[in-house]
Structure formats: C-alpha cells, structure tokens
Amino acid sequence: MSPPEPSYAPTPSQTVGPFYGYALPFPRGGDVAPDGDPETITLHGYVLDGEGRPVPDALIETWQPGPDGSRVGVPGSLRHDPVTGRSFGRDGVAFTGFGRVPTDADGHWAVRTLPPGGVSYISLAVFARGLLHHLYTRAYVVDEPGDALLGSLDAERRATLVARSEAPRTYRFDIRLQGDGETVFLEFPSGPGPGSA
C-alpha cells in the first residue's frame with residue numbers, strides 16, 4: 001500500500017488576508033486635501049489589537065463630503081496610466097473625499113484632508129489581519145451634541161468615536177479592534193442594493 005498523496009491545498013491561514021496587492025501602494029493616498037489648501041486638517045492615529053499592540057499591516061480607507069457638504073465624487077484619486085495601468089495616485093488638485101493609507105511599522109496612519117461639511121465626522125473602513133470582513137466606524141472631529149449615533153452611546157463608548165484635538169487642525173483617532181476601549185464599529189444591513197433585481 002502506498003502512502004497517501006500529500007495535500008497542497010491552502011489552509012485557512014493562507015486564504016485569510018490581508019492581501020493588499022490590489023490596493024497598495026496608493027500614491028499620495030493620505031493627501032485628500034488639494035495641495036496647499038489652508039483649510040487642511042490632519043486626522044491620524046494608531047490601529048491597536050486587543051492587547052493594545054500596534055497593528056503594522058492594516059489598511060484604512062476614509063470617505064467624507066466636501067467642506068460644502070457635497071457628496072458628488074470627482075475623478076482624481078484613482079488615475080492610471082492608460083498604457084501600463086499603473087496608478088499615478090492623486091492629481092493634487094481635485095478633492096475626492098476618499099483616502100486610503102496603510103499603517104506603518106508602529107501601527108500609525110494619517111490623512112490630510114478638509115473639514116467635512118454637513119456632518120461632523122469622517123467615515124472609515126478598517127482592513128486588518130484576522131478580519132474576514134472590514135469594519136466601519138466614524139471619527140468625529142466635532143463632538144456633536146445632537147448626533148443620533150453619539151447620543152445613543154454611553155460616555156465610555158461615545159469617547160471611542162470622538163477624535164482628540166491635539167494641536168490646531170490636528171486630530172488623533174486611535175482604532176482599537178477589540179478588548180477594553182474597543183472602538184464602536186457600525187453594522188449596515190446586507191442584501192440587495194438599490195436597482196438590484
């Protein structure tokens with residue numbers, strides 16, 4: 001009797017990401033504000049695991065309206081060379097409201113953007129190892145008393161959504177994936193979207 005054939009099928013740890021080849025590098029991914037705009041703010045922080053250790057290979061995406069509350073996206077973030085398909089990154093002029101940045105070796109991330117109009121927060125998606133699905137949250141740059149989401153939370157949970165002002169036009173927002181001080185993450189209903197059959 002011959003020995004069984006070895007299996008080379010991927011194991012779960014080989015099929016669960018993060019796999020960022022499709023998304024990174026994203027040149028100037030954190031430079032959401034047009035170059036030299038005097039209204040630019042910096043939103044930055046750390047991604048931390050349940051033990052408070054930095055996560056060095058996470059990916060943060062940000063979305064927000066323009067300072068005038070406009071939610072109309074404009075081209076400018078994902079420009080590609082028409083011949084090679086290589087990403088050029090941003091044009092440095094258009095405000096698209098979209099950012100994409102990796103964390104560094106210390107788990108730190110940062111975006112330079114404009115203050116959101118019509119809302120007091122910037123929406124974030126967090127991709128990280130061990131997450132089968134990315135997580136959504138909000139970074140409030142203003143602790144808005146009348147905000148429905150903030151108003152539904154106790155003080156401790158509410159604090160996880162409010163960015164701290166560190167310096168003029170600079171806000172810190174750490175993301176704790178689990179454990180004490182876990183960031184409030186948002187769940188959206190799944191199912192067919194508008195226009196689906």
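Residue numbers run from 1 in the order of the sequence given.
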Test item: R158 side-chain N/O and L149 main-chain N/O as donor-acceptor pair under 3.5 Å: no
Say whether, by atom type as modelled, one donor and one acceptor occur between the side chain of T113 and the main chain of V32 under 3.5 angstrom. no
Are L43 and Y46 grouped together when hydrophobic residues (ILVMFWY) are joined by side-chain heavy atoms under 4.5 angstrom apart? no
Is there a side-chain contact between T137 and F173 (heavy atoms, below 4.5 Å)? yes
Is the side chain of T160 donor-acceptor paired with the backbone N or O of V184 at a distance under 3.5 Å, no angle test? yes
Give a yes or no on whether the backbone of R112 and the side-chain of T40 come within a donor-acceptor separation of less than 3.5 Å. no
With a 6.0 Å cut-off (strictly less than), is the heavy-atom count around CG of D154, excluding the residue itself, greater than 12? yes
Do the non-hydrogen side-chain atoms of V126 and I60 ever get within less than 4.5 Å of each other? yes
Interatomic distance, D57 atom CG to D104 atom CG [nearest 0.5 angstrom]: 11.5 Å
State plainly whether one hydrophobic cluster holds both L48 and L124, where clusters connect Ile, Leu, Val, Met, Phe, Trp and Tyr through side-chain heavy atoms under 4.5 angstrom apart. no
Pick out which of V111, V119, I122 makes a side-chain contact (heavy atoms from CB on, under 4.5 Å) with Q64. I122
Are the side chain of T103 and the backbone N or O of P56 linked by a donor-acceptor pair below 3.5 Å? yes
For the pair D68 (side chain) and S70 (backbone), establish whether a donor and an acceptor sit closer than 3.5 Å, ignoring hydrogens and angles. yes
Once rounded to the nearest 0.5 Å, what's the spacing between atom CZ of R129 and atom CG of L177? 9.5 Å
Check: P116 and V141 side chains under 4.5 Å, non-hydrogen atoms: yes
Any donor-acceptor N/O pair, R176 side chain to D49 backbone, under 3.5 Å: yes
Beyond-backbone contact of P34 with L114, side-chain heavy atoms, under 4.5 angstrom: yes
Got D37 and F95 here, is their nearest side-chain heavy-atom distance under 4.5 Å? no
Using the side chain to side chain contact (heavy atoms under 4.5 Å, CB included) rule, take Y121 and E144 through it: C-alpha gap first, then chi angles, then the decisive distance, then the call. CA-CA 9 Å; Y121 59 86; E144 190 69 53; over 6 Å; no
Ignoring hydrogens and angles, state whether a donor on the side chain of H44 or E166 is under 3.5 Å from an acceptor on the partner side chain. yes
G117 and P65: which non-hydrogen atoms are nearest, and at how many Å? O-CG, 3.3 Å
When rounded to the nearest 0.5 Å, the distance separating OG of S165 from CG of D143 is 12.5 Å
If you define the side chain from C-beta out and look only at heavy atoms, does anything of Y140 sit under 4.5 Å from Y171? no
Listed by chain and number, what are the side-chain contact (heavy atoms from CB on, under 4.5 Å) partners of A159, not counting sequence neighbours? none
Would you give the length of the straight line joining atom CG of D91 to atom CG of D31, rounded to the nearest 0.5 angstrom? 11.5 Å
Would the distance check show the side chain of D174 and the main-chain N or O of G45 forming a donor-acceptor pair, the cut-off being under 3.5 Å? no
Could you tell me the separation between the OG atom of S120 and the CG atom of L150, rounded to the nearest 0.5 Å? 6.5 Å
Can you say whether the rings of W63 and Y136 are parallel (under 30°), tilted (30 to 60°) or perpendicular (over 60°)? tilted
So D147 and V142, side chain to side chain contact (heavy atoms under 4.5 Å, CB included) or not? Walk me through it. CA-CA 10 Å; D147 184 86; V142 176; over 6 Å; no
Within this structure, what is the CG-CD distance for the pair L135 and E187, rounded to the nearest 0.5 Å? 10.5 Å
Is the backbone of T42 close enough, under 3.5 Å, to the side chain of R169 for a donor and an acceptor to pair up by distance? no
